[in-house]
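What follows is a single structure, written as structure tokens, with notes after it.
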Number of protein chains: 2
Amino acid sequence: MVSQESCGELLLQLSSTDALIRTFKRELRPGGPRGGFALLAALHRCGGLRVGDLAELFEIDVSAASRQLADLEERGWAERVPNPQDRRSWHARLTPEGERVARERTARARDLLAEAIADWPEEDAAALADLLGRLRTSFDARRVRVPDHPSRTASGAKGL
Amino acid sequence: MVSQESCGELLLQLSSTDALIRTFKRELRPGGPRGGFALLAALHRCGGLRVGDLAELFEIDVSAASRQLADLEERGWAERVPNPQDRRSWHARLTPEGERVARERTARARDLLAEAIADWPEEDAAALADLLGRLRTSFDARRVRVPDHPSRTASGAKGL
DNA sequence: TATTGTTATACTCTATAACTATA
DNA sequence: TATAGTTATAGAGTATAACAATA
């Protein structure tokens, strides 16, 4: 059980992290396309994903995921391949050029982060990543228990 | 020094946290106004703040902060009081009704978070809050070293 | 009838630029 | 001339709703 004080403090830091992420994204933007970079990274990491998977991964509506994927296709970075098991859906995957861009962009983001926490001990960075992962897991579990979002069934990939 | 692997993993978890925060905000929205809740909480916590302080706190442009504050004023939750030392700026503060709303909304957010991490040990929640705070500090320090954003001088309140 | 996905539309939020007022 | 803030405008991103196709 977590005390009210700790929850309040964590809430505060999450708000601060929201601002941090916004700035991080903004600084990552110049010199490259912005919309759908997160999708690009997910496809780079996970390989073939359906539109519904992407929507669930980023907790956005399917329509938003569809639009972002279309954007990646227009840039020649992603393509849809037919899904023989279910012809309603497709598997989205990166083109070779998309893979190249994904690698380049991911490296830039990682370097930006590395620069900021250069003086951190290794174990702190690992601990933060671990705790954030568990926070996401706890939140996803809560949403399943409270079925206010019937459109989200929490069936698929969650890791990113 | 943090390894490339840890940085990559942390980057991944930050992306996931971005999605988490988006959902958290969305679930907090119904039953109340959305825009500017973060400002409301900041004013509730810090008391009188200038528009520039708010912009810096949330890493948004002054114009965005100005607009959000105007929104709070229209709802009767905030007001500007003159600053005798510098008549260009004002101190924004909450009205009694604004204080009430801020308390109610903060409590709801805290409960939502508390529900999600109910089975966490106290020390993990505290550790996560601490690490997120240090992440923000590290990022702010980096931005000062690399003066690409002359409009941000990193002089004021930073805690939220 | 339920599910997967697309498109059209409206809304929220932010950045940029031009502007006013004060230091 | 520099700083604090406001307003107008444009852009990015998301949600809602209506729709088509398949299971």
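Letters go in sequence order (proteins before strands), and every chain restarts at 1.
A:Phe24 has its CZ atom 19 Å from the P atom of C:dT14, to the nearest Å. The nearest whole Å value for the distance from the CG atom in A:Asn83 to the C1' atom in D:dA23 is 12 Å. Whole-Å rounding puts the B:Asp61 CG to D:dG5 C1' distance at 11 Å. Here D:dG5 presents its C1' atom at 14 Å from NE2 of B:His91, a figure rounded to the nearest Å. Put simply, CD on B:Glu59 is 12 Å from P on C:dT14, counting in whole angstrom units. As rounded to whole Å, 17 Å separates atom P of C:dG5 from atom CZ of A:Arg67. B:Ile60 places its CD1 atom 16 Å from the C1' atom of D:dA12, with the value rounded to the nearest Å. Atom-to-atom, CG of A:Leu54 to P of D:dT14 comes out at 12 Å; the value is rounded to the nearest Å.
For CZ of B:Arg134, the number of neighbouring non-hydrogen atoms (other residues, nucleotides, ligands) closer than 6.0 Å is greater than 12.
Rounding to the nearest 0.5 angstrom, the gap separating the CD atom in B:Glu59 from the CG atom in A:Asp18 is 10.0 Å. Atoms CG and CZ, from B:Leu94 and B:Arg100 in turn, are 12.0 Å apart once rounded to the nearest 0.5 Å.
The nearest heavy atom of DNA chain D to A:Ala64 and to A:Pro84 marks one nucleotide each, and the one closer to the 5' end goes with A:Ala64. Of the residues near DNA chain C, A:Gly52 and B:Asp86, the one whose nearest nucleotide (by heavy atom distance) lies more toward the 5' end is A:Gly52.
Between C:dT6 and A:Ser63, no contact under 4.0 Å exists linking OP1 or OP2 to a side-chain N or O. For A:Gln68 and D:dT14, the shortest distance from a side-chain N or O to OP1 or OP2 is below 4.0 Å. Look at A:Arg87 and you won't find any side-chain N or O under 4.0 angstrom from OP1 or OP2 of D:dA21. Side-chain nitrogen and oxygen atoms of B:Ser66 include at least one within less than 4.0 Å of the OP1 or OP2 phosphate oxygen of D:dT6.
The side chain of B:Arg50 lies closest to D:dA4, out of C:dG5, D:dA4, D:dT14. Ranking D:dT22, D:dT6, D:dT14 by closeness to the B:Val51 side chain, first place goes to D:dT6.
In this structure, B:Asp111 does not pair ionically with B:Arg108, as no charged nitrogen and carboxylate oxygen lie closer than 4.0 Å. Ion pairing between B:Arg75 and B:Asp71 holds under the 4.0 Å rule for side-chain N and carboxylate O.
One N or O donor and one acceptor, one from the side chain of A:Arg88 and one from the base of C:dT3, sit under 3.5 Å apart.
At a threshold of 4.0 angstrom between heavy atoms, the contacts of A:Arg22 are confined to the sugar-phosphate backbone, with no base atom among them.
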